[in-house]
Amino acid sequence: MSLRGWCLIWGTLLLALTLQIVPLMDRWLIWRPDWLELMLIYWCFVAPRRVGVVHGFVFGLLLDLAQGSPLGQSALVLTLLVFLCTLAHRRMRAYSLAQQALMVLLLLLVAQLLEQWLMSLFGPFTVHLAFLLPAVIGAVLWPWFYLLFQRLNQRLKWVQVPRN
């Protein structure tokens, strides 16, 4: 893969990390989709041989450092998410956009549930169903998110997508 492709993948993941840690008012936090998780799902879906578990682990550690959460919490969640995406990427390619959105919802829900479980282990934490809202919003945004990056990739020829 060319240097341009690596820069694109890392640049988009850094942009998603930045969007993930932008400070918002507390009442708006539940409405923010998990940008980093969506971007990792996209790259695992489009270029599974180029984006893998290491990317999830590194960006999870960066997210932990930026948010001040226990070191390794987000790394574990994102590593598991990337692993599951890598397992399902061939199946997802055969799905329509609506079916892909349902699969993305399932992946994001698993990640959210694991994150909430880890948060409950590390201290006092109250659980309410509002923590599932970012996963639902991410799944609703998935078709537009996917089509936007696919069109940009086709137009600019960023990353050559292997056919499996």
Side-chain angles (χ1 to χ4, degrees), residues 1 5-6 8-22 24 27-60 63 67 73-119 127-164:
M1 182 154 107
W6 281 109
L8 168 77
I9 290 172
W10 281 86
T12 55
L13 287 170
L14 285 172
L15 175 66
L17 176 67
T18 304
L19 289 173
Q20 189 73 30
I21 61 175
V22 168
L24 292 175
R27 64 176 173 238
W28 290 102
L29 283 176
I30 62 169
W31 297 100
R32 175 175 42 198
D34 291 319
W35 294 111
L36 186 56
E37 291 177 4
L38 279 174
M39 190 60 74
L40 281 168
I41 291 171
Y42 173 78
W43 283 118
C44 288
F45 176 60
V46 171
R49 294 185 181 140
R50 296 183 181 113
V51 175
V53 174
V54 173
H55 288 84
F57 183 76
V58 168
F59 281 94
L63 186 61
Q67 291 181 333
Q73 178 179 320
S74 296
L76 177 64
V77 171
L78 293 180
T79 301
L80 177 69
L81 177 72
V82 170
F83 176 72
L84 292 174
C85 289
T86 305
L87 288 178
H89 82 275
R90 287 188 180 162
R91 189 171 301 138
M92 275 185 70
R93 286 186 182 178
Y95 291 162
S96 68
L97 280 176
Q99 291 170 324
Q100 285 179 16
L102 288 175
M103 186 69 156
V104 167
L105 175 65
L106 180 66
L107 290 168
L108 292 175
L109 286 174
V110 166
Q112 286 292 329
L113 289 172
L114 178 62
E115 185 175 7
Q116 293 301 312
W117 179 69
L118 288 172
M119 288 172 71
V127 177
H128 50 84
L129 293 179
F131 75 90
L132 297 176
L133 196 56
V136 173
I137 292 171
V140 168
L141 290 177
W142 175 255
W144 293 282
F145 186 83
Y146 176 76
L147 289 175
L148 171 72
F149 279 97
Q150 283 299 95
R151 296 268 163 85
L152 287 173
N153 193 18
Q154 288 172 357
R155 180 168 286 196
L156 301 176
K157 304 282 188 231
W158 284 335
V159 177
Q160 296 297 323
V161 179
R163 295 284 176 205
N164 290 346

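Note that the structure is predicted; figures quoted are calculated from it, not measured.
In terms of heavy-atom proximity, Cys44 sits nearest to Thr86 at SG-OG1, 4.4 Å. When all heavy atoms are compared, the tightest approach of Trp35 to Arg32 is NE1-CG, 4.0 Å. Contact record, Asp34 with Pro134: OD2-CB, 4.0 Å, taken as the closest heavy-atom pair. Counting all heavy atoms, side chain and backbone alike, Leu40 lies closest to Gly56 at CD1-CA, 4.2 Å. Nearest heavy atoms, Cys85 versus Leu107: SG-CD1, 3.6 Å. In terms of heavy-atom proximity, Val46 sits nearest to Gln150 at CG2-OE1, 3.5 Å.
For the atom pair CG of Leu106 and CG of Leu84, the computed distance is 8.5 Å after rounding to the nearest 0.5 Å. Atoms OG and CG, on Ser74 and Leu114 in that order, are 10.0 Å from each other to the nearest 0.5 Å. Here the CG atom belonging to Leu15 is positioned 5.0 Å from the CG atom belonging to Leu19, to the nearest 0.5 angstrom. The line from CG of Leu108 to CG of Leu113 is 11.0 Å long, rounded to the nearest 0.5 Å. Between atom CE of residue Met39 and atom CD of residue Gln20 there is a gap of 11.5 Å, rounded to the nearest 0.5 Å. Once rounded to the nearest 0.5 Å, the distance linking CG of Leu63 with CG of Leu36 reads 6.0 Å.
When side chains are defined from C-beta on, Val140 does not count as touching Leu105, because their heavy atoms never get closer than 4.5 Å. Residues Tyr146 and Gln100 meet the side-chain proximity criterion, which asks for heavy atoms closer than 4.5 Å. Residues Leu13 and Leu17 have side chains not in contact (no heavy-atom distance under 4.5 Å, counting atoms from C-beta outward). Contact check for Leu102 versus Tyr95: no side-chain heavy atoms found under the 4.5 Å cut-off. Side-chain contact check for Met92 versus His89: every heavy-atom pair is 4.5 Å or farther apart. Considering only heavy atoms from C-beta on, Leu38 comes within 4.5 Å of Trp142 through its side chain.
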Leu78/Val58 under side chain to side chain contact (heavy atoms under 4.5 Å, CB included): CA gap, chis, key distance, verdict: CA-CA 9 Å; Leu78 293 180; Val58 168; over 6 Å; no
Intermediate values then yes/no, side chain to side chain contact (heavy atoms under 4.5 Å, CB included), Phe149 and Thr12: CA-CA 10 Å; Phe149 279 97; Thr12 55; 4.2 Å; yes
Val82/Val54 under side chain to side chain contact (heavy atoms under 4.5 Å, CB included): CA gap, chis, key distance, verdict: CA-CA 9 Å; Val82 170; Val54 173; over 6 Å; no
Intermediate values then yes/no, side chain to side chain contact (heavy atoms under 4.5 Å, CB included), Trp31 and Ile137: CA-CA 7 Å; Trp31 297 100; Ile137 292 171; 3.7 Å; yes
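Side-chain rings of Trp10 and Phe59 approach one another, their centers coming within less than 6.0 Å.
The closest donor-acceptor contact from the side chain of Gln112 to the backbone of Leu132 lies at 3.5 Å or more, if one exists at all. Side-chain N or O atoms of Gln99 include one that pairs as donor or acceptor with a backbone N or O of Ser96 at under 3.5 Å.
Using a 30° and 60° split on the angle between ring planes, Trp6 and His55 fall in the parallel class, below 30°.
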